[in-house]
Amino acid sequence: MNMEHVQQNGIAVNQLGYRGRDAKIAVIAGQGGRFRIVNARNGEVVWQGQTAPAIEDASSGQTVSRGDFTAWEAPGTYRIETEDGQSSVLFAIADDVYEDAHRAMLKAFYYFRCGTALDEPHAEPWKHEACHLTQAIVHGHESRRMDAWGGWHDAGDYGKYVVPGAKAAADLLLAFELYPEAFAQPLPLPESDGRMPDVLHECRYELDWLQRMQDEESGGVFHKLTTLRFPAGDVMPEDDTAPLYLSPISATATGCFAGIMAMSARIYSPYDEAFAASCLKAAVRAWAWLEEHPDEPGFRNPADIATGEYGDGQDADERYWAAAELYRTTGETPYHEAFQALAKQDSFGKYELGWADMGGYGTFAYLMSEREEEPELAQELMAGLLRRADELAAVSDRDGYGLSLLPDQYIWGSNMLVMNHAMLLLVAGRLSGSENFERHVHEHVHYVFGANVMGTSYVTGYGARPIRHPHHRPSEGDGVEEPVPGLVSGGPNKGLHDDYAREHLAGRAPAASFADVMESYSTNEVAIYWNSPAVFVLSHFV
């Protein structure tokens, strides 16, 4: 196996550090044995332990042993050493190790903003001019123009897509709903007012754009807003001046739109009643479109558009989410009946949280609803959620790095799966009152910040060895040496989906199929819906 660039020191730790009482595991390449914790300040050995027996870890392609030092809780800066002279990077034990990273991963959404200048007081050196302000051409109706400025750039490119935008906003709003205290401190943003939390200001920037994507005539929602093809890799947003096109209306976009708008109506109501009312009105119109179009074909890119497709042949899961949120927000029977009918379908997963599989959001909304639930259905969904959480926990228990991904799940955006799974474990624990999943969540967080076979923190600007060269056009083109901070990389992808990966990563184990280079967009791109579940998960710890 080609192990070039894979971590050399052989001791993988969370490079941010560990909270005092959290599970703390160092993953040590090789057969293991005795290991010790050394105080970095004075070189004193403060704790010693023995690793668990070594295992062959299929995902990383390594023999690894795990050293559990959960018992050591004293605050300080440490490193881990082994008998054979290996040494880890320095790490902290402190209860605030996640605070800065959490804020940076939320602030990243500000850096994804389209249609406004990012100014120095808020953007620091990563500022740029306003972009993409021209009216958009409605594809297939070329004489028609629409104003659809604003929102977040989706990823390393400048496209704006309704479906993944709705997932990203849903993760952030759910995080605020479950962990409001995690968002008490201003970031700050240009809109910070000391009244509405900044996470809601930031989501509002995306929600306003989503409302512009709803067709006034039909109530359906255009699938995406992009140029015909991607610009070069170092083009700044304000220099991307090709004509903008609205791709045709889709059922998946309209379903996601109805879900996120109904959710927003509920969450913004205490802060801005007029905006909340506009969200509910938009959701109801989108739902009416869905009812009028029960058998829509899945979205496919028009022949002349080569930007991200976000195609999906299945829209029952988006309708399920929309019905759940509309019922939770309004309590109206037709939405409840629609949800119950959709819940009987077995054509989609009820516990998935990806942009293509939104069923989990419908399940969460229904189980968190204070409305009159159908007790049998609620019980069935809760049992299914716990079953899914138990499955993920069982995979984590067998994995060398404590992760719930099977070897074939190191796909494009595998870090989204890592954080989606952690998010599901947290919600399952919260709704059931079980603490069984907490330590598994810790290991998923540790993985993203460096406890992985690459020895890399997958978050720009955070950890001893963070990624430096994400596939992110502003970071490439802005002339600033460091990338925009707080961006979560897509992570290892065994699929070899770009030229760099095909040339340099062939033959690597799944979890080692990663390269920190701009050219490897299939392993090292960034995206709003990879950041969003990570913000949710870290909200639990701050």
Side-chain angles (χ1 to χ4, degrees), residues 16 94-133 149-153 160 165 168-210 236-238 264 267-276 279 459-462 466 472 474-475 478 480 482-488 526-542:
L16 288 190
D95 283 341
D96 62 356
V97 289
Y98 297 127
E99 307 281 336
D100 288 350
H102 177 257
R103 290 165 59 74
M105 287 175 1
L106 177 59
K107 179 70 177 280
F109 289 87
Y110 166 77
Y111 288 111
F112 278 115
R113 286 189 188 191
C114 179
T116 186
L118 303 191
D119 57 4
E120 193 138 4
H122 299 99
E124 296 174 58
W126 300 284
K127 60 187 188 293
H128 66 72
E129 298 305 312
C131 57
H132 304 103
L133 287 168
W149 68 275
W152 298 320
H153 296 141
K160 294 181 292 189
D171 291 339
L172 296 182
L173 294 181
L174 267 174
F176 172 69
E177 198 170 22
L178 296 190
Y179 308 108
E181 65 288 349
F183 301 97
Q185 207 181 339
L187 282 173
L189 296 171
E191 299 82 0
S192 297
D193 57 7
R195 199 183 66 81
M196 189 160 89
D198 278 352
V199 63
L200 298 188
H201 283 301
E202 194 52 64
C203 287
R204 170 80 187 260
Y205 194 81
E206 175 77 351
L207 296 165
D208 284 341
W209 170 72
L210 285 168
M236 288 297 285
E238 61 268 36
S264 301
I267 287 170
Y268 283 84
S269 180
Y271 301 97
D272 186 336
E273 197 50 68
F275 176 65
C279 290
V459 182
T460 54
Y462 286 85
H472 178 239
S475 290
D478 61 8
V480 180
E482 291 297 323
V484 168
L487 303 175
V488 177
V526 297
I528 53 175
Y529 50 94
W530 299 340
N531 260 68
S532 58
V535 170
F536 179 97
V537 173
L538 256 64
S539 300
H540 177 79
F541 296 102
V542 299

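Counting from 1, the numbers follow the sequence of the chain as shown.
Of the inter-residue distances, the one linking E202 atom CD with L106 atom CG reads 7.0 Å to the nearest 0.5 angstrom. Expressed to the nearest 0.5 Å, how far CG of L200 lies from CZ of F275 amounts to 9.5 Å. Note that the SG atom of C131 and the CG atom of L118 stand 7.5 Å from one another [nearest 0.5 Å]. For the atom pair CG (D100) and CG (L538), the distance works out to 11.0 Å, reported to the nearest 0.5 Å. The distance from atom OH of Y268 to atom CG of L173, rounded to the nearest 0.5 Å, is 5.5 Å.
Annotation: ring pair (Phe, Tyr, Trp, His ring centres under 6.0 Å) contacts involving residues 178-206, sequence neighbours excluded, comprise H102-F183, Y179-F536, Y179-H540. Within the structure, every pair that satisfies the salt bridge (charged side-chain N to carboxylate O under 4.0 Å, His left out) test and touches residues 188-198, not counting sequence neighbours, is listed here: R113-E191.
Looking at heavy atoms from C-beta onward, H472 lies out of side-chain contact with P483 at the 4.5 angstrom threshold. Side-chain contact between H128 and D478: absent, with no pair of heavy atoms (C-beta onward) separated by less than 4.5 Å. The shortest distance between side-chain heavy atoms of L187 and R103 falls below 4.5 Å.
Remark: the backbone N or O of W149 is not paired with any side-chain donor or acceptor of K160 at under 3.5 angstrom. Panel note: side chain K107, backbone H122; a donor-acceptor pair is recorded below 3.5 Å. A donor-acceptor contact shorter than 3.5 Å links the side chain of T460 to the backbone of L487.
Applying the side chain to side chain contact (heavy atoms under 4.5 Å, CB included) test to A104 and every residue at least two apart in sequence or in another chain returns Y462. With sequence neighbours left out, the side chain to side chain donor-acceptor pair (under 3.5 Å) criterion links R204 to D208, D272. Listed by chain and number, the residues in a side chain to side chain donor-acceptor pair (under 3.5 Å) with Y529 are Y310 (sequence neighbours excluded). Residues passing the side chain to side chain contact (heavy atoms under 4.5 Å, CB included) test with E124 are W126, sequence neighbours excluded.
The heavy-atom pair separating A94 from V97 by the smallest distance is O-CG1, 3.3 Å. Contact record, G461 with P466: N-CB, 3.8 Å, taken as the closest heavy-atom pair. Minimum interatomic distance between A108 and G486 (heavy atoms only, all atoms of both residues): CB-O, 3.7 Å.
Checked options F109, F112, W209; the residue passing with W152 is F109 (criterion: ring pair (Phe, Tyr, Trp, His ring centres under 6.0 Å)).
For E238, the CD atom is densely surrounded, since the number of other residues' heavy atoms within 6.0 Å is greater than 12.
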